[in-house]
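When a ligand or atom number is given, it counts from 1 through the structure's own listing order.
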Amino acid sequence: MIKLTDVHKSYTKEHETIKGVSFEVREGEIFGLLGPNGAGKTTLMQMISTLMKPTSGKIEIDGLSSDKDLLEIHRKIGFLTNEIKLDPLSTPNNLFNFFAELYDIPKEEMRERRDISFARFGISPFADKRITELSTGMKQKISIAISLIHNPPVIIFDEPTNGLDILTSKQVTDYLLELKEKGHAIILSTHIFSVAEELCDEIAILVDGKIVAQGNVDELIKQAEVDTFEQAFFKIYVENHVE
Ligand SMILES: Nc1ncnc2c1ncn2[C@@H]1O[C@H](COP(=O)(O)OP(=O)(O)OP(=O)(O)O)[C@@H](O)[C@H]1O
Ligand SMILES: [Mg+2]
């Protein structure tokens, strides 16, 4: 569903931020990107979401090429990132309407989807409040609901549980597991080990723009010859970080 082949990205002439990344995410799979601040996770996810072009290499979504089939790809992906801010003066209801129209979702269907996702995330009582009056967690849940408004087969979530309390975080991780069961292909980044351990079928550890280890939790623990996933991450990081 998502396929990267030797993807490179340089923001400047002097420095390469992504240094040749390849991986594949299939339907019904959750793929996790783990790595320290500045490793290049957001950069990679922005390229997969077509917000930014790679300097070289190939990105395909469901067989479509990210350098030419942009419109078709947009209908297939749901993208969540902390960098995209909700209009502070708008309301959850207005935002949902706006994005539903953008995706040509018929009114009836839009209402049904809105009611289901607002009820599921406890957004309903806040549906007509201004975004600026809402808590971080509520804003994040609204962003998630909106990013999935068109029921995309491919889900790209950059730190979806960032800043959430454990209850809200669980709502989000449970939802992701449900979407995985339904066959969506999901890629997410996180700094929270328990989230990666609970959700991911496959994890890539990204250090300085390169995947330095990849596998499921058990495989990574075995590769690193340690007892816990957290220990595996630290060991792999220390062995691969230069500077
Ligand atoms: N627009 C930009 N222009 C120049 N450099 C950038 C730009 N965006 C990111 N970078 C640099 O690219 C590198 C990777 O950043 P990126 O945001 O992808 O990392 P990340 O893994 O998402 O980190 P974090 O865990 O902090 O979110 C960093 O060194 C960052 O400073
Ligand atoms: Mg980031």
Is the NZ or CZ atom of Lys9 both under 6.0 Å from the centre of the six-membered ring of Tyr11 and within 45° of that ring's axis?
-> yes
Can you find a non-hydrogen atom of Glu159 under 4.0 Å from ligand 1?
-> yes
Kindly state if atom 9 (C) of ligand 1 has a protein heavy atom within a strict 4.0 Å cut-off, that is, under 4.0 Å?
-> yes
Would you call Arg75 and Asp104 a salt bridge, taking side-chain N to carboxylate O under 4.0 Å as the test?
-> yes
Candidates Gly35, Gly38, Ala39, Ser10; heavy atom nearest atom 29 (O) of ligand 1 found on Gly38
Enclosure of Leu167 CG (heavy-atom neighbours >12, cutoff 6.0 Å) | yes
Option nearest atom 20 (P) of ligand 1 (shortest heavy-atom distance, choices Lys41, His191, Met52, His15) = Lys41
Any donor and acceptor pair, going by atom type alone, linking the side chain of Lys3 with main-chain N or O of Lys58 inside 3.5 Å?
-> no
Subset of ligand 1 atoms that lie under 4.0 Å from at least one heavy atom of Thr42 | 17 (O), 18 (O), 20 (P), 22 (O), 27 (O)
Is Glu109 atom CD crowded by more than 12 heavy atoms from other residues, nucleotides or ligands, each under 6.0 Å away?
-> yes
Transitive ILVMFWY side-chain link Ile59 to Leu70, under 4.5 Å = no
Close-contact set for ligand 1 against Thr43 heavy atoms, below 4.0 Å = 14 (C), 15 (O), 16 (P), 18 (O)
Just by distance, do the side chain of Thr190 and the backbone of Ile192 share a donor-acceptor pair under 3.5 Å?
-> yes
By number and element, which atoms of ligand 1 are closer than 4.0 Å to a non-hydrogen atom of Thr17?
-> 12 (O), 13 (C), 14 (C)
Counting only non-hydrogen atoms of the protein, does one fall under 4.0 Å from atom 25 (O) of ligand 1?
-> yes
Under 4.0 Å from a heavy atom of Gly40: give me the atoms of ligand 1 that qualify, with their elements.
-> 14 (C), 16 (P), 18 (O), 19 (O), 20 (P), 21 (O)
Nearest non-hydrogen protein atom, atom 3 (N) of ligand 1 | Tyr11 CD2, 3.4 Å
Atoms (protein N, O or S; no water) under 2.8 Å from the Mg ion (ligand 2) | 1
Classify the angle between the aromatic ring planes of Phe23 and Phe31 as parallel (below 30°), tilted (30 to 60°) or perpendicular (above 60°).
-> parallel
Are Leu177 and Met1 connected, step by step, through hydrophobic side chains (Ile, Leu, Val, Met, Phe, Trp, Tyr) whose heavy atoms are closer than 4.5 Å?
-> no
CD/Glu225: more than 12 non-hydrogen atoms of other groups inside 6.0 Å = no
Indicate yes or no: does Glu178 engage Arg120 in a salt bridge with an N to O separation below 4.0 Å.
-> yes
